[in-house]
Amino acid sequence: MIKAVILIGGPMKGTRFRPLSLDLPKPLFPVAGFPMIYHHIAACSKVPNLQEILLIGFYRHLEPLKKFIAECQQEFKVQIRYLLEYTALGTAGGLFLFRDQILIDNPKAFFVMNADVCGDFPLLEMLNFHKENPAGSYGTILGTEATRQQSLRFGCMVEGKATHEVLHYVEKPETFISNIINCGIYLFNPEIFQAIETAFKKNAKDSYKLDDPVQSREMIRLEQDIFVPLAGSGKLFICHTNKFWSQIKSAGAAIYANRHYLAIYNKTHPDRLAVNSEDSPKIIGDVYIHPTAQVDPTCVVGPNVTIGKNVKVKAGVRLRESIILEDAVLQDHSCILYSIVGWNSIVGAWSRVEGTPNDPNPNKPFAKLDIPALFTDDGRLNPSITVIGSKVHIPPEVIILNSIVLPDKDLNSSYKNQIIL
Ligand code: GDD
Ligand code: GTP
């Protein structure tokens, strides 16, 4: 029997995702029509004999999670539970706290997945790879290649080429170590808890020397506290993937993830993609339209657009590379490009909402999405996608360019490169 754990974090995280994470825990933000971690659960549901999925985090606002879990349990016929950490315990602290829950029913192995990554999760490949690890091994880390420069933003691993063993692990190194990066997807044997317990005991001892005894004692970081000491001991192995993988740290990354998940639907769920017909809007490329959304047949939609539940898209609207969230209204002839329009927001007639993509450089092999700082060195907003928070009202005939609009704003003019508070 196999289990899976998804590390969903809590409300302190996801600050780069504001204002969208003000309304909903970031792991539930919809990408390609479904919450971010729905895609993780869908991937887990394809693993034979995977019987339970545990979400570990410290979100206290339980309603959205409960509703999501109930819907997923019904759809995937797998047990899902949310285990609440009393505070941020780090990427291994929650695993340690809930070790008995994880180990109940004696799983042979368990997946651990960071919530804020997306991809064509190769869980079956990992399982097959993991079976070949030598006896006594603790786990398999999914690795992928990044550019030299970008690797510094991730966990970096030096690999024993013949054995695929992790020889050396450095989390977010200051200088180049290796271009094989940690994807935040793991498959562990129960024996990993021996290493976590060792780290726990060491931290507990060390923490008496620190100022903040409560927090630091129980905080265990999978990367620094477990992988670093285990590297070179023949216990951790790297399973490589060339398939699509990205982090979702910012709103711009959600647009990028949206595009890739829609592309994956061509293979896995072609029924989810809109098609051209006589009385439908003109569809270009991959588009997901929720069955309850109303899109006028005079609209032009795509490529890479997701239109959420109950959205109303009026005559002549143009949509491209964007996510329109539940209950939004796009009035006649508005144009939305590289943007996210928040829940219940209204875009006025003939208005234009436009952002700037920051896609990876297509000429650099293995380039990942860059997450540019919000501001430039001279204090100006870095051009990025436009994000309209929830319940925002955009009047007719204005242009909102490269801006971030916080929830509940009633705008009365055009804006360019601004955060509208
Ligand atoms: N339950 C819980 N408790 N989850 C947590 C906590 C915690 O205290 N802290 C972080 N997480 C979750 C986050 O929600 C996220 O899904 C994941 O753990 C990793 O979060 P970060 O700590 O922000 O790390 P990171 O994303 O910068 O880097 C990690 O992921 C990279 C791949 O995306 C590292 O594992 C890197 O090595 C890796 O390359
Ligand atoms: P490329 O394909 O990159 O060459 O761009 P484009 O010249 O097609 O136009 P752009 O990326 O600026 O806009 C994307 C689409 O939106 C175009 O097909 C335009 O027809 C449409 N579009 C642009 N501005 C407006 C607008 O103000 N209103 C409406 N309704 N559609 C617009």
Side-chain angles (χ1 to χ4, degrees), residues 4-17 21 25-29 35-37 39-41 53-60 65 81-99 101-102 111-119 121 139 141-147 150-158 166 168-173 177-186 188 196 200 203 214-228 230-231 236 238 240-241 244-250 253 256-257 366 368-371:
V5 174
I6 305 176
L7 297 171
I8 64 170
M12 310 152 33
K13 295 269 173 171
T15 45
R16 282 177 285 183
F17 220 71
S21 55
K26 175 179 139 176
L28 296 184
F29 184 82
M36 217 182 267
I37 55 172
H39 300 282
H40 296 57
I41 294 174
I53 301 172
L54 301 168
L55 312 182
I56 300 185
F58 48 100
Y59 286 99
R60 273 156 211 287
L65 277 164
R81 271 187 311 148
Y82 175 46
L83 305 176
L84 175 64
E85 271 162 77
Y86 53 91
T87 182
L89 294 176
T91 40
L95 296 176
F96 189 63
L97 178 68
F98 295 115
R99 59 194 180 280
Q101 306 268 6
I102 297 170
F111 286 99
V112 172
M113 306 173 85
N114 288 358
D116 60 359
V117 297
C118 61
F121 301 119
I141 302 178
L142 186 67
T144 192
E145 203 161 321
T147 63
Q150 288 180 326
S151 68
L152 308 183
R153 287 198 285 116
F154 300 93
C156 293
M157 303 181 283
V158 178
V166 180
H168 194 49
Y169 186 99
V170 186
E171 180 65 16
K172 306 192 179 102
I177 299 282
S178 158
N179 49 10
I180 304 170
I181 60 162
N182 168 7
C183 293
I185 310 281
Y186 318 102
F188 292 128
I196 303 181
F200 174 79
N203 285 1
V214 179
Q215 179 69 43
S216 50
R217 259 188 104 159
E218 320 241 299
M219 175 79 134
I220 315 172
R221 300 157 307 172
L222 199 49
E223 301 82 359
Q224 294 91 330
D225 300 332
I226 313 296
F227 296 159
V228 170
L230 280 185
L236 292 177
I238 306 172
H240 288 264
T241 183
F244 162 63
W245 176 88
S246 176
Q247 288 184 316
I248 313 186
K249 293 282 184 193
S250 63
Y256 181 70
F366 310 115
K368 302 280 170 286
L369 192 71
D370 266 324
I371 307 168

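Just follow the structure's listing: the first ligand is 1, and inside any ligand the first atom is 1. This structure is a prediction, so every number in the text was calculated from the model and none was measured. Nothing fancy with the numbering, it's 1 onward along the sequence.
- The option from Gly90, Gly155, Gly10 that lies nearest to atom 8 (O) of ligand 1, judged by heavy atoms, is Gly90.
- Between atom 24 (O) of ligand 1 and the options Gln224, Lys172, Gln247, the minimum heavy-atom separation is to Lys172.
- Residue contacts with ligand 1 for Tyr169 involve side-chain atoms from C-beta outward but no N, CA, C or O (heavy atoms, distance under 4.0 Å).
- Residue contacts with ligand 1: Lys26 is excluded, as none of its non-hydrogen atoms falls under 4.0 Å.
- Remark: side-chain polar atoms of Tyr256 are not paired, donor with acceptor, to backbone N or O of Ser246 under 3.5 angstrom.
- Proximity of a side-chain donor or acceptor of Ser178 to a complementary backbone N or O of Cys156 within less than 3.5 Å is not detected.
- For ligand 1, the atoms sitting less than 4.0 Å from at least one non-hydrogen atom of Ala115 are 16 (O), numbered in the order shown with element in parentheses.
- Shortest non-hydrogen contact noted between Val117 and His40 is O-CE1, 3.1 Å.
- Polar contact check, Leu89 against ligand 1: a nitrogen or oxygen pair lies under 3.5 Å apart.
- The distance criterion of under 3.5 Å between nitrogen or oxygen atoms is met by Ile56 with respect to ligand 1.
- Polar contact check, Trp245 against ligand 1: no nitrogen or oxygen pair lies under 3.5 Å apart.
- Using a 4.0 Å cut-off to heavy atoms of Asn114, the atoms of ligand 1 that qualify are 16 (O), 17 (C), 18 (O), 19 (C), 29 (C), 30 (O), 35 (O).
- Two residues are said to be in side-chain contact when any heavy atoms from C-beta on lie closer than 4.5 Å; Ile196 and Ile220 meet this criterion.
- Atoms of ligand 1 found under 4.0 Å from any heavy atom of Asp116, numbered from 1 in the order shown, are 15 (C), 16 (O), 26 (O).
- Summarising the geometry of Asn182 relative to Glu223, their closest heavy-atom pair is ND2-CG, 4.3 Å, with the distance given to 0.1 Å.
- Interface of Phe154 with ligand 1, defined as ligand atoms under 4.0 Å from a residue heavy atom, comprises 39 (O).
- Put simply, CZ on Phe154 and NZ on Lys368 are 7.0 Å apart, with the number rounded to the nearest 0.5 Å.
- Looking at ligand 1, you won't find any N or O of Gly184 less than 3.5 Å from one of its N or O atoms.
- Across Ala253 and Gln247, no two heavy atoms sit closer than the pair CB-O, 3.7 Å.
- The shell of residues lying under 4.0 angstrom from ligand 1, judged by heavy atoms, excludes Gly94.
- If you take CG on Leu89 and CZ on Arg221, they are separated by 13.0 Å, rounding to the nearest 0.5 Å.
- Distance check: Ile53 CD1 to Met113 CE gives 9.0 Å after rounding to the nearest 0.5 Å.
- Short contacts between ligand 1 and Phe58, defined as distances under 4.0 Å to a heavy atom of the residue, involve ligand atoms 3 (N), 7 (C), 8 (O).
- Within the structure, the closest approach of Arg153 to ligand 1 does not fall below 4.0 Å when heavy atoms are considered.
- Residue contacts with ligand 1: Val117 is placed with no nitrogen or oxygen under 3.5 Å of a nitrogen or oxygen of the ligand (distance criterion only).
- In this structure, the separation between OG1 on Thr144 and CD1 on Ile141 is 13.5 Å, given to the nearest 0.5 Å.
- Under 4.0 Å from ligand 1, not a single heavy atom of Met219 appears.
- Listed by atom number, the atoms of ligand 1 under 4.0 Å from Ile8 heavy atoms are 14 (O).
- Listed by number with element, the atoms of ligand 1 under 4.0 angstrom from any heavy atom of Gly57 are 1 (N).
- Assignment of Phe227 to the shell around ligand 1 is not supported, since no heavy atom sits closer than 4.0 Å.
- Counting the atoms of ligand 1 from 1 in the order shown, those under 4.0 Å from a heavy atom of Lys249 are 23 (O), 25 (P), 26 (O), 27 (O).
- The minimum heavy-atom distance between Pro35 and His39, with the atom names listed, is O-CD2, 3.5 Å.
- Below 3.5 Å of separation, one finds no N or O of Thr91 facing any N or O of ligand 1.
- Between Tyr82 and Ile56, the closest heavy-atom pair is CE1-C, 4.3 Å.
- Lys26 places a side-chain N or O within 3.5 Å of a backbone atom of Ile248 that can act as its donor or acceptor partner.
- With a 4.0 Å heavy-atom cut-off, ligand 1 is reached by no atom of Ile181.
- Between Thr87 and Phe58 the shortest side-chain heavy-atom distance does not fall below 4.5 Å.
- Contacts of Tyr186 with ligand 1, taken as heavy-atom pairs under 4.0 Å, involve the side chain alone.
- Residue Phe98 places no heavy atom under 4.0 Å from ligand 1.
- By the 3.5 Å distance cut-off applied to N or O atoms, Ala88 is not counted among the residues near ligand 1.
- Residues Ser151 and Pro173 share a closest heavy-atom pair of O-CD, 4.4 Å.
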